[in-house]
Amino acid sequence: MTTELSRAESETLLCESGVGVLALTDGTEAYSIPESFGYDGETLYFQFVYTPESKKMAFLETTETATFTVYEEQPAKSVIVSGTLEPVPEDEEPKAATAITENASIPTLNVYPDTTPDEFTMDYYRLTPNSITGRQFNAFTPRPNDQ
């Protein structure tokens, strides 16, 4: 049996998660990637690290509506956020940095260990939600020690 999470329950999961899966598209192909994020109660913030050849940034340019999913296994529940993903204006970067610092599982990360810092770019992006939906799955899933 599945039940919908309330807005408050969905926001709690967003605040407690710190990492999820971002889904982008180029109109033909989907591209999903794990991302650490910050959530300030209204907006999701990301710090993207990328090189000029970044597949993520190429897909970002062609995605009108991005989706971001967070989930928890025990109890099984998930939240999906859909909305517009855009660069954070420079004057709002401190707000993004604060949200990421307070909420993200991995606040900053060099995902290119063989690349020097001058070879990649780091930019803040925000996902402004058009919708936030959550579900809880009430089926019993045994843990390894429950048998």
Side-chain angles (χ1 to χ4, degrees), residues 2-26 29-90 92-117 119-145:
T2 303
T3 56
E4 289 198 30
L5 296 178
S6 69
R7 178 67 180 235
E9 290 169 321
S10 294
E11 290 188 359
T12 297
L13 187 56
L14 286 170
C15 288
E16 293 175 352
S17 293
V19 69
V21 178
L22 178 65
L24 307 171
T25 183
D26 66 0
E29 183 182 346
Y31 182 58
S32 298
I33 45 177
E35 286 289 341
S36 205
F37 73 103
Y39 181 63
D40 68 1
E42 295 178 13
T43 304
L44 281 73
Y45 293 97
F46 305 91
Q47 184 178 37
F48 293 154
V49 178
Y50 58 94
T51 64
E53 301 83 29
S54 170
K55 185 173 181 178
K56 172 174 47 185
M57 299 311 286
F59 272 70
L60 183 67
E61 294 296 321
T62 58
T63 300
E64 287 185 33
T65 301
T67 58
F68 189 72
T69 304
V70 297
Y71 62 92
E72 190 172 279
E73 292 183 26
Q74 295 293 334
K77 56 185 167 181
S78 63
V79 172
I80 298 174
V81 180
S82 296
T84 305
L85 192 58
E86 62 187 358
V88 172
E90 191 173 328
E92 295 181 32
E93 287 181 358
K95 184 177 181 179
T98 298
I100 290 168
T101 300
E102 292 176 351
N103 189 196
S105 294
I106 305 169
T108 92
L109 175 67
N110 178 0
V111 295
Y112 301 98
D114 296 329
T115 306
T116 61
E119 296 177 86
F120 59 84
T121 304
M122 292 192 303
D123 286 321
Y124 291 111
Y125 276 75
R126 66 182 174 199
L127 176 58
T128 304
N130 292 333
S131 70
I132 298 175
T133 57
R135 293 185 191 174
Q136 181 163 327
F137 306 93
N138 298 318
F140 175 71
T141 305
R143 296 181 191 189
N145 296 335

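Nothing here was measured: the structure is a model prediction, and the numbers come from that model.
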Is it true that a side-chain atom of Ser54 and a backbone atom of Met57 form a donor plus acceptor pair closer than 3.5 Å?
yes
Thr51 and Glu53 side chains, donor-acceptor separation under 3.5 Å:
yes
Report the residues that fulfil salt bridge (Lys or Arg N to Asp or Glu O under 4.0 Å) with Glu29, sequence neighbours left out, ordered by chain and then residue number.
Lys55
Do Phe37 and Leu22 touch side chain to side chain, with heavy atoms closer than 4.5 Å?
no
Looking at Thr63 and Thr25, would you say the former's side chain and the latter's main chain have a donor-acceptor pair under 3.5 Å?
yes
Please report the closest heavy-atom contact between Lys95 and Asp40, naming both atoms and the distance.
CE-OD2, 3.1 Å
Ring pair (Phe, Tyr, Trp, His ring centres under 6.0 Å) with Phe46: which of Tyr39, Tyr125, Phe68?
Phe68
Would one find more than 12 heavy atoms of other residues, nucleotides or ligands at under 6.0 Å from atom CD of Glu92?
yes
Just checking, is any N or O donor in the side chain of Asn103 or Tyr45 under 3.5 Å from an acceptor N or O on the other one?
no
Determine whether more than 12 heavy atoms belonging to other residues, nucleotides or ligands lie under 6.0 Å from atom OH of Tyr31.
yes
Which atom names give the shortest non-hydrogen contact between Glu93 and Tyr124, and what distance separates them?
CG-CD1, 3.7 Å
Given Leu44, which partner from the list Thr128, Val70, Ile132, Leu127 fulfils the side-chain contact (heavy atoms from CB on, under 4.5 Å) test?
Leu127
Contact list for residues 7-24, test salt bridge (charged side-chain N to carboxylate O under 4.0 Å, His left out), sequence neighbours left out:
Arg7-Glu11
Of all heavy-atom pairs linking Pro129 and Glu42, the shortest is CD-O, 3.2 Å
What closest approach, in Å, do Ala104 and Ser36 show between heavy atoms, and which atom pair accounts for it?
CB-OG, 3.3 Å
